[in-house]
Amino acid sequence: MRTLEMGQDIMEEMKWLWGKIGKDKYKYIVALFGSVIVSVMAIVAPHVSSLIVDRYIAGPNSIENLRTDRQGLIFLIIFMIAFTLFRTILAYLTMMLFEKVSQNVVYTIRTETYEIIQKQDRQYFYNHRIGDFMTRLTGDIDMIRHSIAWIIKTVVESLVVFLVAIVYLFNVNAKLTLWIVSLSPIILFVAFFLSKEVRPRYIQLRKSFSGLNTVAQENIAANKVVKSFAQEEYEIHKFNEKSDAYRRANEEVTFTWLKYNPILELVAQGFSVILLFMGGLYIMRGELSFGQFAAFSALLSAIANPMRHVGIVINDLQRFYVSIGKIREIYFAKSKIVKTAYIDNPTRFEGHIEFENVSFKYGNKTVFENLNLEIKPKETLAILGSVGSGKTTLINLIARLYDVNTGQIKIDGINIKDYPLDTLRANIAIATQKVMLFSDTIYENIGYGMKVLNEDEIVQSAKDAMAHDFILKTEDGYQTLIGEEGVGLSGGQRQRLALSRAFASDRPILILDDTTSAVDNETEIEIAETLKRNKDKMTQIIITQRITTAMYADRIIVLDQGDIVESGSHEALLQEKGYYSDMAKLQELGGEV
């Protein structure tokens with residue numbers, strides 16, 4: 001029953017892969033047909049060799065034929081050389097066609113897979129590790145390419161050569177052929193048990209490889225933290241454990257098929273033994289000529305080599321099935337927040353935001369319960385609260401990084417679920433405390449959210465974020481290349497670039513999630529002045545723990561476990577003697593938040 005289900009899964013996977021070949025299907029069919037032709041041609045050279053031996057070398061009239069029909073021998077030799085050259089060229093063209101199709105298929109699958117990953121919601125990324133994504137986009141997809149270009153070709157050629165050779169040899173000498181074929185059932189048993197045993201080991205091997213990738217990626221990216229806490233030895237030990245697990249998984253796979261390899265090699269060598277013993281016997285009886293024996297010898301590799309390679313082919317096929325299964329998992333992953341077609345000119349919002357009886361949970365943890373909040377167009381709202389109060393979740397809900405469980409969020413009177421996702425997010429600029437900068441120039445990083453890069457606007461945005469001066473002091477100014485995640489820049493410089501990017505995108509809703517936490521007080525005040533100057537252009541939502549940032553807002557709210565416990569202006573909240581007032585006193589005395 002399980003074997004039947006596995007067979008159905010394999011058929012589904014092959015059907016899916018065939019669909020991905022797309023417009024190259026006819027090329028692949030031509031390549032397969034070319035492989036069949038090349039394989040059938042394998043019997044021509046042995047047949048001609050048989051004719052040469054029987055007619056000109058070891059036949060009863062060989063001396064006479066050499067004397068009277070020398071032109072015939074020359075013709076056969078020239079024919080063999082020309083035919084071998086033709087077969088080699090055809091085989092080369094076929095291999096090139098296989099490779100071309102496989103590269104096109106891999107390009108299609110890789111780009112589609114990456115696009116699907118990009119369109120997944122935030123929850124999907126929480127459930128999968130970065131190393132696993134990297135393994136699928138590299139190792140798994142490359143295994144598919146290898147299978148299309150080589151494994152499937154090898155299987156087809158081996159089967160065709162084996163069958164054609166058997167049919168030809170049956171016509172030459174049926175009894176000797178039966179003796180040789182008698183060993184074939186052993187191969188079927190070996191292939192069945194090897195395939196059954198090696199598949200789960202390949203699943204474990206791939207899992208170990210994914211874990212190794214994840215550890216390497218995470219710890220190289222977090223090298224600053226590792227060094228800060230002097231945890232190099234610990235991380236080396238952890239990596240070595242994952243590396244050792246991957247080594248052991250590799251050994252299990254390798255030793256599994258090596259366990260069966262002696263049987264396969266024994267069978268392959270058995271063909272030669274049978275040919276020598278039974279072939280010699282039939283020659284002595286006069287039932288087999290020397291030329292026919294030469295044909296058997298030449299075609300013996302066509303029968304024995306597939307037997308020798310069956311272990312390797314089964315190994316690669318199992319890796320292929322595991323890899324294609326992992327890629328299909330991404331294809332069939334369903335995002336709860338569906339991105340529609342790209343909107344070229346999205347409608348610009350006024351920026352009126354309303355939370356109506358909004359409830360939201362992370363799993364079983366309730367964050368909001370019947371939350372009601374209105375943010376008027378062009379209003380500047382500051383949000384304060386302790387860790388875990390729901391500040392970041394609130395802005396994630398506005399951008400639909402998550403969807404509410406109950407209630408609704410409206411922008412300009414329309415439920416955000418009714419907007420195309422591109423339209424919604426094209427109207428929201430978000431800068432977070434954890435800055436993500438790309439391995440590109442400062443210019444490209446600032447202009448990342450702009451539809452068309454404009455140098456004047458990029459420079460002005462950098463000035464507004466107090467980043468212009470330090471940018472000019474870098475090696476190449478705005479064309480300075482920065483490392484991954486802004487390596488080489490201070491925390492304050494990275495945050496100012498993130499602010500520059502948010503300003504440059506010119507969205508009607510600006511969300512700043514604690515983006516001034518790493519800048520000095522003077523810079524913070526100047527950025528706050530910039531926000532005040534631009535308040536008529538956008539609705540501003542500022543998450544902060546700094547009173548000096550919050551005090552410029554039109555309205556301030558304090559969240560506590562998902563509830564709004566304080567709301568009002570800076571002056572009004574100072575009079576309430578609550579969280580905001582306590583924070584103001586603490587910071588006025590120079591304490592830490």
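Throughout, residue positions are numbered sequentially from 1 according to the sequence presented. Excluded from the calculations below are hydrogen atoms, water molecules and symmetry mates; all remaining heavy atoms, backbone and side chain alike, are included.
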**Q.** Gap between atom CD1 of Ile89 and atom OG1 of Thr84 - 0.5 Å precision
**A.** 11.0 Å
Q: Kindly say whether Ala431 contributes a backbone atom to a donor-acceptor pair with the side chain of Arg501 at under 3.5 angstrom?
A: no
(Q) Checking side-chain polar atoms at under 3.5 Å, does Asp440 have a donor or acceptor matched by the opposite partner on Asn445? (A) no
**Q.** Test item: Thr94 and Phe33 side chains (from C-beta on) under 4.5 Å apart, heavy atoms
**A.** no
Q) Say you draw a straight line from NZ of Lys361 to OG1 of Thr393; how long is it, rounded to the nearest 0.5 Å? A) 14.5 Å
Q.
Which heavy atom of Ala465 sits nearest to which heavy atom of Leu499, and what is that distance?
A. CB-CB, 3.7 Å
Q: Identify whether the distance between the nearest side-chain nitrogen and carboxylate oxygen of Glu157 and Lys153 falls below 4.0 Å.
A: yes
Q: Give a yes or no answer on whether the side chain of Ser323 reaches the backbone of Phe320 with a donor-acceptor pair at less than 3.5 Å.
A: no
Q | Distance (rounded to the nearest 0.5 Å) between Leu97 CG and Asp24 CG | A | 8.5 Å
Q | Considering all heavy atoms, the nearest Trp16-Ile324 contact | A | CZ3-CG1, 3.6 Å
Q) So, does Ser102 use its side chain to make a donor-acceptor pair with the main chain of Glu99 at under 3.5 Å? A) yes
Q: Start with the C-alpha distance between Thr441 and Ile482, add both sets of side-chain angles, then the distance that settles side-chain contact (heavy atoms from CB on, under 4.5 Å), and finish with yes or no.
A: CA-CA 6 Å; Thr441 63; Ile482 56 178; over 6 Å; no
Q) Taking all non-hydrogen atoms of both residues, which atom of Val160 and which atom of Ser39 are closest, and how far apart? A) CG1-CB, 3.5 Å
Q: Using only heavy-atom distances, determine whether the side chains of His237 and Glu241 contain a donor-acceptor pair under 3.5 Å.
A: yes
Q: For residues Ile442 and Leu481, determine if any side-chain heavy atom of one lies less than 4.5 Å from a side-chain heavy atom of the other.
A: no
Q: Would you check if the side chain of Arg87 reaches a backbone N or O of Val38 as a donor-acceptor pair within less than 3.5 Å?
A: yes
Q) Is there side-chain contact between Tyr448 and Ser505, with heavy atoms separated by less than 4.5 Å? A) no
Q) Backbone N or O of Ile428 within a donor-acceptor pair of the Arg507 side chain at under 3.5 Å? A) yes
Q) Hey, are the side chains of Arg145 and Gln103 touching, using non-hydrogen atoms and a 4.5 Å cut-off? A) yes
(Q) If you define the side chain from C-beta out and look only at heavy atoms, does anything of Tyr331 sit under 4.5 Å from Glu112? (A) yes
Q.
Please report the interatomic distance CD1(Ile543) to NZ(Lys391), rounded to the nearest 0.5 Å.
A. 7.0 Å
Q: Could you tell me whether Asp506 and Arg348 make a salt bridge, using a distance below 4.0 angstrom between a side-chain N and a carboxylate O?
A: yes
Q. So does Lys25 have more than 12 non-hydrogen atoms from other groups sitting under 6.0 Å from NZ?
A. yes
Q. More than 12 non-hydrogen atoms from neighbouring residues, nucleotides or ligands closer than 6.0 Å to NZ on Lys100, yes or no?
A. no
Q: Apply side-chain contact (heavy atoms from CB on, under 4.5 Å) to Val322 and Asp140, showing your working.
A: CA-CA 8 Å; Val322 171; Asp140 288 333; 5.8 Å; no
**Q.** Atom of Ser208, atom of Tyr246 and distance for their closest heavy-atom approach
**A.** CB-CA, 3.8 Å
(Q) The criterion is side-chain contact (heavy atoms from CB on, under 4.5 Å); which residues satisfy it with Ala426, sequence neighbours excluded? (A) Pro346
Q.
Would you say that more than 12 heavy atoms from the other residues, nucleotides or ligands in this model lie under 6.0 Å from the OH of Tyr443, or not?
A. yes
**Q.** Tyr419 backbone acceptor or donor facing Thr423 side chain under 3.5 Å
**A.** no
**Q.** Pair Leu17-Val105, side-chain contact (heavy atoms from CB on, under 4.5 Å): steps then yes or no
**A.** CA-CA 9 Å; Leu17 183 60; Val105 173; 4.2 Å; yes
(Q) Take a 6.0 Å sphere around OH of Tyr107 and say whether it holds more than 12 heavy atoms from other residues, nucleotides or ligands. (A) no
Q.
Quick one, Gln118 and Tyr114 - any side-chain contact, counting heavy atoms below 4.5 Å?
A. yes
(Q) So if I apply the side chain to side chain contact (heavy atoms under 4.5 Å, CB included) rule between Ile541 and each of Ile430, Asp513, Leu512, Ile398, which one comes out positive? (A) Ile398
**Q.** Point-to-point distance, once rounded to the nearest 0.5 Å, from CG of Leu159 to OG1 of Thr154
**A.** 10.5 Å
Q. If you take all heavy atoms of Gly447 and Leu453, which pair is closest and at what distance?
A. O-CD2, 3.1 Å
(Q) Heavy-atom count check: over 12 atoms from other residues, nucleotides or ligands less than 6.0 Å from Met134 CE? (A) no
Q) Is the closest side-chain heavy-atom distance between Phe162 and Ile166 below 4.5 Å? A) yes
Q.
Set out, in order, the CA-CA distance, both residues' side-chain angles and the distance that settles side-chain contact (heavy atoms from CB on, under 4.5 Å) for Val404 and Phe368, then state yes or no.
A. CA-CA 9 Å; Val404 301; Phe368 296 120; over 6 Å; no
Q) What pair of heavy atoms forms the shortest contact from Ala467 to Ser500, and how long is it? A) CB-OG, 3.7 Å
Q. Out of curiosity, His146 NE2 to Asp142 CG, how far, rounded to the nearest 0.5 Å?
A. 8.5 Å
Q. Counting distance only, does the side-chain N/O of Asp418 pair as donor-acceptor with the main-chain N or O of Ile414 below 3.5 Å?
A. no
Q. For Phe239, does its backbone N or O pair with a side-chain atom of Ser243 as donor and acceptor, under 3.5 Å?
A. no
Q. Any sub-3.5 Å donor-acceptor pair from Asn427's side-chain atoms to Thr347's backbone N or O?
A. yes
(Q) Regarding Arg400 and Asp403, does a basic nitrogen lie under 4.0 Å from an acidic carboxylate oxygen? (A) yes
Q) Is there a side-chain contact between Phe332 and Ile116, using heavy atoms and a 4.5 Å cut-off? A) no
Q.
Can you confirm whether Phe86 is buried at CZ, in the sense that more than 12 heavy atoms of other residues, nucleotides or ligands lie under 6.0 Å from that atom?
A. no
Q. Taking the six-membered ring for Trp, are Tyr402 and Phe360 parallel (under 30°), tilted (30 to 60°) or perpendicular (over 60°)?
A. tilted
Q) Any sub-3.5 Å donor-acceptor pair from Arg136's side-chain atoms to Lys326's backbone N or O? A) yes
(Q) Under the criterion salt bridge (charged side-chain N to carboxylate O under 4.0 Å, His left out), I'd like the reasoning laid out for Glu251 against Arg247: C-alpha separation, chi angles, the key distance, then a yes or no. (A) CA-CA 6 Å; Glu251 285 180 351; Arg247 176 188 61 79; 2.8 Å; yes
